[in-house]
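In what follows, chains are A, B, ... by sequence order, proteins preceding strands, each numbered from 1. Heavy-atom basis, side chains included; hydrogens, waters and symmetry copies ignored. Because the structure is predicted, anything quoted here is derived from the model rather than measured.
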Number of protein chains: 2
Amino acid sequence: MAKAKRILKWQRDPEGMRQRILDAAKQEFSAHGLAGARVDRIAAKAGANKRMLYYHVGNKEDLYLEVLEGAYEKIRAEERTLALEHLDPPEAIACLIDFTWNYFLRNPEFLALLNTENLAKAKHLKRSTKVKSMHSPFVEMIRTVVTRGVARGDFRVAVDPVQLYISIAALAFFYLSNSATLSVIFGRDLLKKDARDERLAHMIALVLAALTGESTAVFGRAKAPARQSAEQPVV
Amino acid sequence: MAKAKRILKWQRDPEGMRQRILDAAKQEFSAHGLAGARVDRIAAKAGANKRMLYYHVGNKEDLYLEVLEGAYEKIRAEERTLALEHLDPPEAIACLIDFTWNYFLRNPEFLALLNTENLAKAKHLKRSTKVKSMHSPFVEMIRTVVTRGVARGDFRVAVDPVQLYISIAALAFFYLSNSATLSVIFGRDLLKKDARDERLAHMIALVLAALTGESTAVFGRAKAPARQSAEQPVV
DNA sequence: ACAGTATTTATCCAACGGGTTAATTTTCGC
DNA sequence: GCGAAAATTAACCCGTTGGATAAATACTGT
């Protein structure tokens with residue numbers, strides 16, 4: 001009785017389905033923003049029916065908030081894996097910059113989601129107790145590293161850890177988030193390998209030069225590939 | 001025959017109307033993004049009929065591109081008014097940062113529009129020969145200032161002007177564009193006067209410390225109000 | 001094997017939103 | 001004054017979209 005009916009109609013997999021929906025939603029929201037996202041496209045991408053979104057998560061805004069929360073959870077989790085205690089303070093800062101840069105590079109949807117949420121004036125984030133309780137470990141990491149660096153004489157000055165945290169994020173975020181327009185303005189591809197390497201080196205050099213007061217020593221420690229051209233600027 | 005009819009129907013004002021439409025569109029697009037913007041709202045805000053948008057400018061995307069081009073024109077025009085030639089190099093850099101910061105602060109729609117355009121992967125900008133021909137004078141300004149600063153001994157190192165330009169924009173842009181989410185994350189208002197002053201001081205100190213190698217001298221020149229509290233971090 | 005529940009599918013719909021059509025009013029050249 | 005062109009209005013069109021309903025199908029414990 002090989003009825004063409006018995007060919008595997010569908011299986012149940014609530015958790016899998018939920019995850020596929022959230023993944024699809026993340027793609028959609030980061031590609032088109034909140035208003036530009038289409039519920040039908042999310043369903044299609046998740047290999048599901050539109051009704052499933054409402055069944056498993058809720059309406060469009062619920063879906064969006066869940067995606068946003070997930071994005072914060074993910075970066076916070078990765079941030080926590082960074083161990084800087086046993087590094088020299090300058091190395092630790094370089095490591096932090098390197099991580100931030102590469103995280104943003106690997107997770108462009110995160111940048112887009114943050115921009116979308118800021119367009120909404122953080123309306124959804126404000127309602128999320130979940131995200132508000134997820135503090136980045138970086139501020140405290142920076143605080144201890146800077147204290148240690150000043151004590152050891154590596155750094156000349158005390159820095160407000162919050163300001164430095166924001167500045168490091170800023171240097172990486174802006175470049176990557178705005179790479180499309182900047183590439184048009186400057187008439188060259190800012191995302192190609194060479195340009196990316198150059199940017200990472202610049203960011204590390206800039207911040208370490210400001211902190212240590214030395215510009216040469218910095219480069220021996222930077223994780224970015226050393227530039228060999230004699231003409232290349234240092235910062 | 002005092003018919004209530006004769007009470008001033010409407011006057012013609014094509015240019016005025018066009019401008020009101022573009023202003024309204026700028027507000028709408030920067031507040032809601034391209035997909036979130038509503039043509040009817042733009043019309044209403046412009047005190048016009050929806051048909052007028054199509055008559056005077058074109059469809060939604062045409063309208064959006066015109067707004068974007070206008071925004072670039074405006075910042076480029078203001079940038080050109082900045083005269084740095086007769087300033088000491090460190091002062092010149094501080095001045096540049098100060099301008100950038102205050103321009104972004106005064107023109108939040110510009111930030112939002114850039115984010116919107118980057119969400120669209122600069123699709124519209126690529127088609128705009130107008131914007132592509134509008135180069136920022138800042139890159140060349142930075143180049144000459146840095147050259148001069150290195151020659152005079154003010155600066156220790158050569159910096160790639162493009163990287164520095166991007167970094168300065170980044171430090172200001174990210175803070176302001178993301179102030180909504182950052183304010184939630186940090187649990188305090190990043191846009192209040194004190195916070196803004198602190199940020200400007202930090203940005204100037206960071207960049208000048210990296211360039212000059214001195215952190216104390218920097219502050220005498222920064223345009224931001226001097227901090228008096230002994231505990232305050234320097235960078 | 002069967003009842004009950006969890007999960008999924010197939011349609012439907014009312015509101016919305018960009019865009020258009022056609023009529024109306026003002027202005028301007030002559 | 002007058003007719004044509006420019007500017008403006010009101011009303012409509014129709015595909016899209018978020019969301020809802022109800023029926024079908026798979027799994028679970030008993």
Legend entry - Interatomic distance, B:Tyr55 OH vs C:dT25 P [rounded to whole Å]: 17 Å
Inset, instruction - Using a cut-off of 6.0 Å, state whether more than 12 heavy atoms not belonging to A:Lys45 lie near its atom NZ. - result: yes
Inset, instruction - Tell me whether the OP1 or OP2 atom of C:dT8 has a side-chain N or O from A:His56 closer than 4.0 Å. - result: yes
Legend entry - Touch class at under 4.0 angstrom, heavy-atom based, for B:Ala43 against every strand present: nothing
Legend entry - Value in whole Å for how far the C1' atom of C:dG18 lies from CD1 of B:Ile42: 11 Å
Legend entry - A:Glu61 CD to D:dG19 C1', straight-line distance once rounded to whole Å: 13 Å
Legend entry - Length of the CG-P vector between B:Asn59 and C:dT20, whole Å: 8 Å
Inset, instruction - Check every atom of D:dT21, C:dG18, D:dT9 against the side chain of B:Arg51 and return the nucleotide holding the closest atom. - result: D:dT9
Legend entry - Spacing of A:Asp40 atom CG relative to C:dC13 atom C1', expressed in whole Å: 14 Å
Legend entry - Between OH on residue B:Tyr72 and CD on residue B:Glu117, distance to nearest 0.5 Å: 7.5 Å
Legend entry - Value in whole Å for how far the P atom of D:dT21 lies from CG of A:Leu53: 17 Å
Inset, instruction - Take B:Arg20 and B:Lys50, find for each the nucleotide of DNA chain D with the closest heavy atom, and name the residue whose nucleotide sits nearer the 5' end. - result: B:Arg20
Inset, instruction - Evaluate the ring planes of A:Tyr165 and A:Phe138, with Trp represented by its six-membered ring, and classify them as parallel (under 30°), tilted (30 to 60°) or perpendicular (over 60°). - result: perpendicular
Inset, instruction - May I ask you to say what B:Ala35 touches in the nucleic acid, namely base, sugar-phosphate or nothing, with a heavy-atom cut-off under 4.0 Å? - result: nothing
Inset, instruction - Rounded off to whole Å, could you give me the OH-to-P distance for the A:Tyr54 and C:dT8 pair? - result: 17 Å
Legend entry - Ring centres under 6.0 angstrom apart (A:Phe29, A:Tyr64): yes
Legend entry - Residue whose closest nucleotide on DNA chain D lies nearer the 5' end, A:Arg41 versus A:Asn49: A:Arg41
Inset, instruction - May I have the distance from A:Met52 (atom CE) to C:dA10 (atom P), rounded to whole angstrom? - result: 12 Å
Legend entry - Donor on one side chain, acceptor on other, A:Asp23 and A:Gln27, under 3.5 Å: no
